[in-house]
Amino acid sequence: MKRIFTVFLVVFVMAALVFSLSSCNRYGYINQALTKAGTWEAVDFDVKTDVQTTVSEKTEDISSQYSVKIKYLQSYDPLAMAKTRVTLYGETVPADVYFTNGSYYVVTNNDAVKLRTGNLIEGSAFVSDWKNLLTALPSSAVNSAAETDHGDGTKTATMTVDTATFETVYQNALNEWKDKLVKKYGGKVSVSDIRVTEPKIAVTVYSQSGALARYSGECRLEILSEDSTGNLLTVSAVFKQTLSCNANGNDVSVELPEDYESYKISDGLTLDSQKILSAAVKNALALKELDISLRLTLGAESISTKNIQASGIGTDAWNFAWNESFIANDKQVTGEVYYKNGWYYTNMYGELAHLKYERSADTDEAYGYETELLALLKNLADSEYKSASAVSNEDGTRTFTVKLPVTRFQKVYGTLITNAKGIAKISGTVAVSDTAVELIVDKKGVLKSYAVSFALTDKNAEEQTPFTFAYHLAFNDVGESVTVTPLEGYELFFEASERKQEFFGDVTKAIEDILGADSLNAYIYYSQFADAGVPFFQIDKQLESVTAAVDMKTNPKHFTNFAITDQGKKHNESVYFEDGIFYIKSDIEDSFKTKGEYLTEQNAFWMIHMIRMIPEEYFDRISFASEGENNTLSVELTIDELLELFPDVEVVEGISLEVLLGMTSSRNVKESKIIITLNEANELVSYEVKLSADFTVNFVGTKLDCTADLEIYYEFNSDRSEIEITPPEGYKDFQDADADEE
């Protein structure tokens, strides 16, 4: 009997709770009060219910008094607590009901259970019931309401509503009575009809503030059922319920039992992940104000971070700022951008970049934030959210995880994979694994976080160790007003074209200074590689050189030391120049001296031979940046332009580019550029030429897939005050060489 009593008590409490929650709604002519109540984020109210049931002419009274607190009313997943006292069969029994994470938890008679929501209220239906009540009352009922002024600052509107409306609004509660109460009273096997009669609603408001004070409902239920022997049974129940609202609209405290998660497990809420996630992403993309953070991690290490604040999105008042920090060449680099009135103000890498750029497609791509944002958020289809798994978090949010097949992931997030390959320095093919998209959504359905993670394994590497990447997007303070802070002194920033012209002049002068210097020293690195799949085109050479020169304008002396690897064989060679004679020492042949015409002074002193001015015609393609105290100019060139700029470069001839180009049927240039760096004194620090390309070549009737790579790098020492040149030991005794034979 105790178990039967407990089950009925649970059913009654939950049905009464539905009626209670459905009571604070838009009924009566006092629509303003009900509308306001419908916007509350939290409620705190007391309920008194008297229920008189009649079964086969047997009448019993049931009464209850309880208080309810609910948080997150406007969310997908409210948090509720009801403290109840129910009188049944002449005995008063306490029962506490909690709702969280889609399940009800009931404690009564020292029995604690977790209830299957499908048997009570599907999902968060009590909230939707409550909202339906706020809008469903016909105007005819409102117009016929009777008003009573109580003289205590409140007034009540009482009205009769039609049965169809009542049944539509209270369908969840009515179904509970049909499926639970009738079966409880006699164990009937079928229900043929359920009728609602005499429905009445009374709404009480505070006259001065217009806020909801009380909500009362009354109706009669008649349920016809048939038992296994064919006998008809009528169950009649009269409900009289009064809900008194306390300090509502504000946050309330809902405390769950410490051990509620250990209650008997049953099926919880089945979330509509597709609806929740689709709406969350859509609303995030439609925000008019943003405060977000982007973070890229490689394993446990943070590679880059970017913080973005924007307001007036999608309007003429669009205004934003962002700052970033990332690792480049093992150094920490920072950058800042501010956008206002169609101009980008940049402080990307230091003082040189205190520039402003007028808005264009190119500047949007370079300095905007939308491309990065959309690369994460606008990729998945709504249907792909449907299979997301969900986990509840302690802060009330939920984490949804979407697992995508690798092929689909590569198609959706190919840009991120390409970016990650560059960071991991993987040039060949990769295996993609551990793909996942993770979204965190709060109780209101607001997107708080979006993360894309995956692992890359270099298929050509000896060690198949995966690189694990994660791109994190966090939404901060959604719904709050965002203040965009401009860059300090942005009004005084140079227009980019003006500063670019100034820096171009600095680079030109620095090169002229090097070419006209009387003393120099430098480190030179040179590498070349060409492969057409046959030995004829195979060249593999690397060279490192340390060079110094003094008295270049009067009595030049210079010394160059080479470390050469040619066809896998390594040797050292040095060249010393004095009084018009070259002294050459090598560890693979005898030392000699020569005045040969082929070995000109420029040939020996490589930095004079290789460095070229950047023609003015390439100015529009020049870009520049700063890193620490150094400023860098770079310009992209085609292969033809590179050959034109360096027509007599022995290296270019060495990789047979001119021959290759004549037979080329297709060409894919991966990199072709010149990079020049100045220090803070505008002195030349380094000069670099880089070329990397793939070719398809027609050779003797055969198509060959070719690659060609070239890198020439000069690093200059600007401190030339104590340059010392030490000639090779015994150089005066080197044997003479016949220049022609050489």
Side-chain angles (χ1 to χ4, degrees), residues 500-526 543-562 574-582 597-619 621-622 624 629-635 637 641-654 672-691 710-725:
K500 186 175 176 180
Q501 185 68 57
E502 180 184 349
F503 185 58
F504 182 76
D506 293 339
V507 170
T508 300
K509 184 177 184 303
I511 294 175
E512 290 174 346
D513 289 345
I514 284 291
L515 296 178
D518 196 41
S519 61
L520 292 170
N521 63 352
Y523 165 85
I524 301 174
Y525 171 81
Y526 149 57
L543 177 150
E544 293 181 358
S545 170
V546 178
T547 301
V550 295
D551 299 331
M552 293 291 290
K553 296 177 181 178
T554 54
N555 184 25
K557 296 179 182 179
H558 54 78
F559 176 82
T560 301
N561 185 65
F562 303 93
S574 63
V575 177
Y576 174 66
F577 178 84
E578 178 183 279
D579 297 328
I581 299 176
F582 291 97
E597 294 180 359
Y598 85 99
L599 195 56
T600 65
E601 183 178 324
Q602 285 190 335
N603 254 333
F605 200 60
W606 279 52
M607 41 191 168
I608 299 297
H609 178 57
M610 296 292 292
I611 292 177
R612 296 288 187 274
M613 296 288 188
I614 305 300
E616 185 79 26
E617 64 189 89
Y618 300 141
F619 177 80
R621 280 186 270 165
I622 290 172
F624 59 93
E629 297 177 348
N630 293 337
N631 302 321
T632 299
L633 173 151
S634 61
V635 57
L637 301 174
E641 289 169 340
L642 199 67
L643 289 172
E644 182 180 351
L645 192 58
F646 299 97
D648 57 344
V649 175
E650 183 178 299
V651 179
V652 176
E653 295 173 355
S672 178
K673 67 194 306 184
I674 298 174
I675 306 166
I676 302 170
T677 301
L678 306 187
N679 61 18
E680 60 182 342
N682 287 332
E683 297 171 318
L684 191 62
V685 173
S686 64
Y687 187 104
E688 185 173 12
V689 180
K690 300 183 76 172
L691 170 64
L710 165 68
E711 182 175 2
I712 308 168
Y713 175 77
Y714 306 88
E715 184 176 305
F716 296 93
N717 183 353
S718 60
D719 182 8
R720 306 168 193 145
S721 58
E722 297 182 1
I723 296 176
E724 295 183 1
I725 295 178

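Nothing here was measured: the structure is a model prediction, and the numbers come from that model.
- In this structure, Tyr687 and Ile511 approach most closely via the heavy-atom pair CE1-CD1, 4.1 Å.
- Atom CG of Asp506 sits about 4.0 Å away from atom CG of Asn682, to the nearest 0.5 Å.
- To the nearest 0.5 Å, atom OH of residue Tyr714 and atom OG1 of residue Thr677 are 14.5 Å apart.
- With rounding to the nearest 0.5 Å, the separation of CD1 in Ile676 from OG1 in Thr632 is 10.0 Å.
- Ring pair Phe582/Phe577 is tilted by interplanar angle, where 30° to 60° counts as tilted.
- For the atom pair CD1 of Ile675 and NZ of Lys690, the computed distance is 5.5 Å after rounding to the nearest 0.5 Å.
- Ile725 contributes atom CD1, which lies 6.5 Å from atom OH of Tyr576 (distance to the nearest 0.5 angstrom).
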Take Glu641 and Leu645 through the test side-chain contact (heavy atoms from CB on, under 4.5 Å) and record every step on the way to the result.
CA-CA 6 Å; Glu641 289 169 340; Leu645 192 58; over 6 Å; no
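- Considering all non-hydrogen atoms of both residues, Asn630 and Val685 come closest at OD1-CG2, 4.3 Å.
- The two residues Ala522 and Phe716 have their closest heavy-atom pair at CB-CD2, 3.8 Å.
- Of the possible polar contacts, none joining the Asp579 side chain to the Ile581 backbone as a donor-acceptor pair under 3.5 Å is found.
- Annotation for Ile674 and Val689: closest pair CG1-CG2, 4.5 Å, computed over non-hydrogen atoms.
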Would you sort out whether Asp513 and Leu684 count as a side-chain contact (heavy atoms from CB on, under 4.5 Å), showing the intermediate values?
CA-CA 8 Å; Asp513 289 345; Leu684 191 62; over 6 Å; no
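- Heavy-atom minimum distance, His558 versus Ala549: CB-CB, 3.4 Å.
- With rounding to the nearest 0.5 angstrom, the CD atom of Glu688 is 8.5 Å from the NZ atom of Lys673.
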